[in-house]
Structure formats: structure tokens, C-alpha cells
Amino acid sequence: MYSAVLVLHSLSRYAVLVLALVVIARAAMGLRGQRPFEPTDRKLGGAFLGTVHLQVILGLLLNLGLSPITKAAYSQMPAAMRDKTLRFWAVEHLTMGLLVALIATITRVKSRKAESDPDKHRIALIGYSVTLLVILAMIPWPFRTVIGRGWLPSFGG
Ligand code: HEM
């Protein structure tokens with residue numbers, strides 16, 4: 001169960017990243033070309049938010065029960081706060097993940113409620129760009145020291 005959820009959580013980061021780039025690019029082009037905010041924009045925004053929420057659900061399953069790393073961290077919090085790896089998984093990754101869901105959700109609601117099409121695109125462009133920056137910061141990329149992981153999950157392990 002742990003490996004299955006971790007593999008899914010690891011792979012679905014790419015769905016999140018691709019959809020983030022698509023919604024940002026469409027918002028930028030829509031604003032530049034004064035294109036109306038189309039049903040496709042709305043649907044892609046929904047797909048992006050859906051994958052973010054899926055990540056949060058899988059992440060919560062890991063964080064609150066399945067992951068031996070967060071389990072170890074929560075059993076000795078003061079010591080965990082001094083350990084870069086434990087602190088990253090138990091506090092930083094969790095906080096940024098929840099922040100991502102919050103910003104993406106607010107962006108979608110505000111963009112849909114905006115009165116004009118340029119405003120819808122502008123809100124989507126700014127909000128989803130900020131969301132993407134936080135996502136990029138929270139991923140344990142292989143080049144990151146201490147907390148770095150592989151580009152792909154290690155299947156079965
Ligand atoms: C957009 C949001 C998120 C992205 C892109 C993301 C991405 C990732 C990635 C790439 C990994 C490493 C997987 C591997 O080892 O191959 C990971 C691990 C993990 N994530 Fe997330 N995550 C997100 C949200 C969350 C949230 C909200 C939580 C907690 C509530 C969470 C909890 C965890 C935990 C506990 C692990 C490590 C589990 C372990 O190795 O035992 N994630 N995440």
C-alpha cells in the first residue's frame with residue numbers, strides 16, 4: 001500500500017506540472033490575444049485543480065499514516081526539527097502542499113467569478129504562476145541536496 005501510494009504520488013507530479021504549464025500558457029496567450037475565456041480554459045483549470053487535490057489526498061495518506069519517514073518525525077518532533085530530511089517531509093513539504101491547494105482553489109474561484117474575460121485570464125495567469133512556483137519549490141528534485149529523490153519513483157521500494 002505504501003509503495004503504491006508513493007509511486008502514484010511521485011508520478012502524478014508530472015500531470016500537475018504539465019497541466020500547470022498548459023493553464024498558464026493559455027492564460028498568457030488569451031490575455032495577449034484578447035481571446036475570450038473559453039470552456040476549454042475552464043475545463044483545463046478544473047483538471048489542474050483536480051490533480052492538485054489528488055496529490056494532496058495521496059500526500060495526506062502518506063503523511064498521516066503510510067510513510068515511515070513522517071511517522072519517525074512525529075514520534076520525536078523536537079529532534080526531527082533539527083534534521084533536514086525529517087523536517088522537510090513532516091513540515092515543509094506538507095505546508096507547501098496545502099498552500100498549493102489553497103492558492104490554486106482561490107485562483108480558480110476568483111477567475112471564474114471575474115466579470116471580464118481579460119480579468120479571468122489575468123487572475124488565472126498570476127494565480128497559477130504563483131502556484132507553479134510553490135510546486136517547483138516543494139518537489140524533492142534529484143539535484144537538491146539532502147532531500148533530493150529520483151526523477152521517477154523507485155518501483156517496489
Ligand atoms: C502539488 C502537490 C505535491 C507534489 C507535486 C508532491 C510531490 C512529491 C514527490 C515528487 C515526492 C517524492 C516521491 C518519490 O520518492 O519518488 C513526494 C513525497 C511525499 N509527499 Fe508529496 N507532493 C505534493 C503534496 C503533498 C502533500 C500536501 C503532502 C502531505 C499532506 C505530501 C506528502 C508527502 C510525503 C509524506 C512524501 C514522502 C513519503 C515517503 O517517502 O515516505 N505531499 N511528494
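Numbering of ligands and ligand atoms starts at 1, following listing order. All residue numbers in this chain count up from 1 along the given sequence. These numbers come from a predicted model, not from an experiment.
Ionic pairing of Lys120 and Asp117 is not present here: no N-O contact between side-chain nitrogen and carboxylate oxygen is shorter than 4.0 angstrom.
Counting the atoms of ligand 1 from 1 in the order shown, those under 4.0 Å from a heavy atom of Leu60 are 29 (C), 30 (C). Numbered from 1 in the order shown, with element, the atoms of ligand 1 that lie under 4.0 Å from a heavy atom of Ile69 read 39 (C), 40 (O), 41 (O).
Counting heavy atoms from C-beta on, the side chains of Pro153 and Leu6 never come closer than 4.5 Å.
Residue contacts with ligand 1 leave out Met96, since none of its heavy atoms falls under 4.0 Å from the ligand. Heavy atoms of Leu94 approach ligand 1 to within less than 4.0 angstrom. Within the structure, the closest approach of Pro140 to ligand 1 falls below 4.0 Å when heavy atoms are considered.
A single hydrophobic cluster is not seen to contain both Phe37 and Ile126; linkage of ILVMFWY side chains at heavy-atom distances under 4.5 Å, directly or through other members, places them apart.
Scanning His93, Lys71, Gln55, Arg13 for the heavy atom closest to atom 33 (C) of ligand 1 points to His93. Ranked by closest heavy atom to atom 27 (C) of ligand 1, the top entry among Gly97, Ser3, Ser154 is Gly97. In this comparison of Pro153, Ala15, Gly59, the heavy atom closest to atom 29 (C) of ligand 1 sits on Gly59.
Contact detail for His121 and Arg35: the closest heavy-atom pair is NE2-O, 3.0 Å. Looking at every heavy atom in both residues, Asp119 comes nearest to Ala114 through CB-CB, 3.8 Å. For Ala20 against Leu132, the heavy-atom pair with the smallest separation is CB-CD1, 3.9 Å. Looking at every heavy atom in both residues, Leu58 comes nearest to Ser12 through CD1-OG, 4.2 Å.
Applying the side-chain contact (heavy atoms from CB on, under 4.5 Å) test between Leu125 and each of Thr107, Leu31, Val130 identifies Leu31 as the sole match. Just one residue in the list Leu21, Val22, Ile24, Thr131 forms a side-chain contact (heavy atoms from CB on, under 4.5 Å) with Phe48, and that residue is Thr131.
With hydrogens left out, the protein atom closest to atom 18 (C) of ligand 1 is Trp89 CZ3, 3.1 Å, a heavy atom. With respect to atom 15 (O) of ligand 1, the closest heavy atom belonging to the protein is Arg149 NH1, 2.6 Å. The nearest heavy-atom contact from the protein to atom 3 (C) of ligand 1 is Met138 CE, 3.6 Å. Ranking the protein heavy atoms by distance from atom 39 (C) of ligand 1 puts Tyr2 OH, 3.0 Å first.
For ligand 1, one of its N or O atoms has an N or O atom of Ser10 under 3.5 Å away. By the 3.5 Å distance cut-off applied to N or O atoms, Asn63 is not counted among the residues near ligand 1.
Atom 21 (Fe) of ligand 1 lies closest to atom NE2 when only the N/O/S atoms of His9 are considered.
Between the side chains of His53 and Thr105, at least one donor N or O sits under 3.5 Å from an acceptor N or O.
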